[in-house]
Amino acid sequence: MNVRRLSILALTAMFMFTGGARAQQGAMITPNYKDADLGQVIEAVSQVTGKNFIVDPRVRAQVTMLSSTPMGPGAFYEAFLAILQVHGFVAVPSGKVIKILPDANARQLPANDLPDSVSSTSDEIVTQVIQVLNISAAQLVPILRPLIPQYGHLAAYPASNMLIISDRAANVNRMVRIIQRIDQGGDADIDVIRLEHASSADIVRVINSLSSAQGAEGAGGAKIVADDRTNSVLLSGEASQRLRMRTLITHLDTPLEAGGDTQVRYLRYADAEKIAAKLKEQAAGTAAAAAGGAQPAGGAGGDRSITIWAEPETNALVVTAPPKIMRSLMQVVDRLDIRRAQVIIEAMLVEVSTDASRDLGVNWAVDGSNDNFLVGLFNSAIGGVSLSDIAAGYDQITNPPADGGGTAIAAPGGFTLAAGRRQDSGTNFAAILRALSSNGDTNVVSMPSVITLDNEEAQIKVAQEVPFVTGSYTNAGQTAGTVNPFQTIQREEVGNILKITPQITDEDTILLKIEQEVSGIAAAASQVSSNDLVTNKRTISTRVLVDDGGMLVLGGLIEDRLTESESKVPFLGSIPLLGELFRTRSVQKTKSNLMVFIRPRIIRTAEQAAIETNSKYNHIRSLQLDRNDGKVQLMPGVQQPTLPELVGPTAPATPVPGLEAALPGDQPTGN
């Protein structure tokens, strides 16, 4: 016992030297620190409590702790946990050691699981699983989350209606008490009010509109629901609120004055004229069923007590009918007059093609002596140029026409090696060796997009009208000897045409009826007259089913073509080596890949529509601003025309993540 006291006294003396802790009898100490290093405090706690610590290098702080009351090792350790909490650190047990880390990592570290009780004074990190009995655990998360620090954890497990909380023990104990007070079973009854004259849906709409205008949440704290099948109103809530709502509903459920059965219904989304025609058929069928299946006299308008007509200027329906039929018609209007979803469709046509050609051959000609008698000739076009073409160009250079006219001869491409002799006497000859290699690559991306309502056909057309000559004739003029030529021209559209009709299903998939046409003038025909224009046309007509936001390939074409041709003199062209002088060869290889993709997305709210619109608007505006910084070259002080900046509620306050990736950007576009 004396040895133990001596060791405690020695330890107390060391505390007074390092951190200011003063030991009392029975291992009681009075710690006092002022701007002491946290590492020294950890060392003192380890010696007093006998615990082993592993300290993260980021754990650094200057600690001040003033105490006038002696405390034991357990209380000293609790005070040490409070010091760590004040400075943003946490002590996490791990086996026989305790790790001291910044509290930002606390949620990823193991903590004590206390299934029975949680201390209300400890600052130790603990994890508690709470069973919620009367309310939804998921509904408690947004309410309790502000009470949990950033390093803590709060989550709901809906399958078993449990809450998982990880935090310091004192705060977890407080959260448990709060949850126990909230998790109380409700004792509110439900009243069922059967209506005689009014429509339950109309009554609920009026009361909810009144509550919204007053800024109340719900119907004054009570919940009100309409049952269209029994034309009843269901009330739940406190007794006083239910009594107040019952009085109001009873007052509204009265017959119309002077026996009037006419309602004026202003439509929000539907077309009143179209709805009126359908309601007349509905009313005629209802009247026929009430008459035992016999069609009333006068067809749809046979029942004179039912009249339905539309007012286009205000988009309103004027309906006169008995209360029962009126409720039936208003239920139909309620289900038809709804905000319809929209669909934005992006079509992507991608064409990647390569072509390569090789031409090699020899042309030659030999004429006789003096009389220019032609002895031999081998003239075959190589790469579109023959010996006669080059000779014509040479004549035009050496013997230009006297009037300065003549046809310009383009210089041949590729490698051309020529030799010859042209004199007034002797044997003349000419020979050329032609080698031509050409390569071409094409990369075309067309991305037309269009937005439309559900079940409404939309069409986007980005095209040019190209003239095609369909006929010609001449007509004698009024003056003798004059002729007036005429040509008939028909213009056809060439470009991108997308016609599409979307239909949204219950599973958020989209049924698309698509007609896609991409056409353009062939490259070889772009330099010819309108008589010889050639157009390339690619069309797709199909019906497909695509998930919301998904991408689907509509079709494509993969073509790999190889063309080889050879021209040679019979027998002579087959002689090894020497036969190359009597032969021309050409090879052309073309490979094309054409794919058409479609990506539809459903837009259900005005916010989603604003996001899509603003993103494309800002993208085009940024492209305009990037052009020479908005300045016009050679015209100082003149600004380029630019879209105005978006202002007001439609302008997004912050960029939408991932939205720029959905835009075509500066990708090459074309037909």
Side-chain angles (χ1 to χ4, degrees), residues 142 212-213 215 267-269 315 338-350 443-465 493 495-502 504 508 510 512 516 518 546-551 597-671:
S212 300
L267 303 183
R268 295 172 294 176
Y269 306 105
N315 196 37
I338 60 175
R339 180 188 179 96
R340 297 164 60 185
Q342 302 181 94
V343 180
I344 180 171
I345 303 105
E346 295 177 342
M348 286 160 277
L349 184 140
V350 184
N443 183 12
V444 180
V445 178
S446 299
M447 299 185 65
S449 62
V450 66
I451 185 170
T452 181
L453 286 172
D454 182 24
N455 281 321
E456 289 288 344
E457 182 183 281
Q459 178 177 338
I460 182 172
K461 183 186 298 183
V462 182
Q464 294 179 327
E465 289 191 351
E493 294 178 339
N496 290 336
I497 302 175
L498 174 62
K499 186 183 296 184
I500 193 164
T501 304
I504 303 175
D508 274 349
I510 307 171
L512 299 172
Q516 170 85 35
V518 179
V546 193
D547 292 335
D548 180 20
M551 184 177 295
F597 301 88
I598 197 78
R599 179 174 61 184
R601 285 176 290 157
I602 302 175
I603 299 178
R604 298 189 182 276
T605 63
E607 290 77 8
Q608 292 177 335
I611 289 174
E612 293 290 341
T613 302
N614 296 344
S615 64
K616 301 295 178 64
Y617 186 97
N618 292 330
H619 175 71
I620 295 298
R621 187 172 183 272
S622 65
L623 293 179
Q624 292 179 330
L625 294 176
D626 291 342
R627 295 176 62 89
N628 300 323
D629 296 330
K631 300 179 180 178
V632 180
Q633 296 182 1
L634 304 180
M635 300 181 69
V638 177
Q639 297 292 326
Q640 292 193 6
T642 307
L643 289 173
E645 184 177 0
L646 284 177
V647 294
T650 59
T654 57
V656 181
L659 202 53
E660 292 298 329
L663 297 176
D666 297 330
Q667 299 177 3
T669 59
N671 296 331

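Computed from a predicted structure; not experimentally measured.
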Contact between Thr501 and Leu512 at the side-chain level, heavy atoms closer than 4.5 Å - yes or no?
no
Separation between CG (Leu646) and OH (Tyr617), nearest 0.5 Å, reads 5.0 Å
Between Pro502 and Glu456, which heavy-atom pair has the shortest distance, and what is it?
CD-O, 3.4 Å
Taking all non-hydrogen atoms of both residues, which atom of Glu493 and which atom of Ala463 are closest, and how far apart?
CB-CB, 4.2 Å
Going by heavy atoms in the side chains, are Lys461 and Asn496 under 4.5 Å from each other?
no
Report yes or no: does Ser615 contribute a side-chain atom to a donor-acceptor pair with the main-chain N or O of Glu612 at less than 3.5 Å?
yes
Which distance, rounded to the nearest 0.5 Å, do you find between the CE of Met447 and the CD of Glu346?
5.5 Å
Where is the tightest heavy-atom contact between Ile504 and Asp454, given as atom of each residue plus distance?
N-OD1, 3.0 Å
Distance (rounded to the nearest 0.5 Å) between Ile344 CD1 and Ser449 OG:
5.5 Å
Can you give me the closest heavy-atom contact between Ile603 and Ala609, atom names plus distance?
CG2-N, 3.5 Å
Please report the shortest heavy-atom distance between Gln459 and Ile497, naming the atom on each side.
NE2-CG2, 4.1 Å
Taking the side chain from Arg601 and the backbone from Gly549, do they hold a donor-acceptor pair closer than 3.5 Å?
no
Evaluation steps, side-chain contact (heavy atoms from CB on, under 4.5 Å), between Ile611 and Gln608:
CA-CA 5 Å; Ile611 289 174; Gln608 292 177 335; 5.6 Å; no
Looking at Pro448 and Gln516, what are the two nearest heavy atoms and their distance?
CG-NE2, 4.4 Å
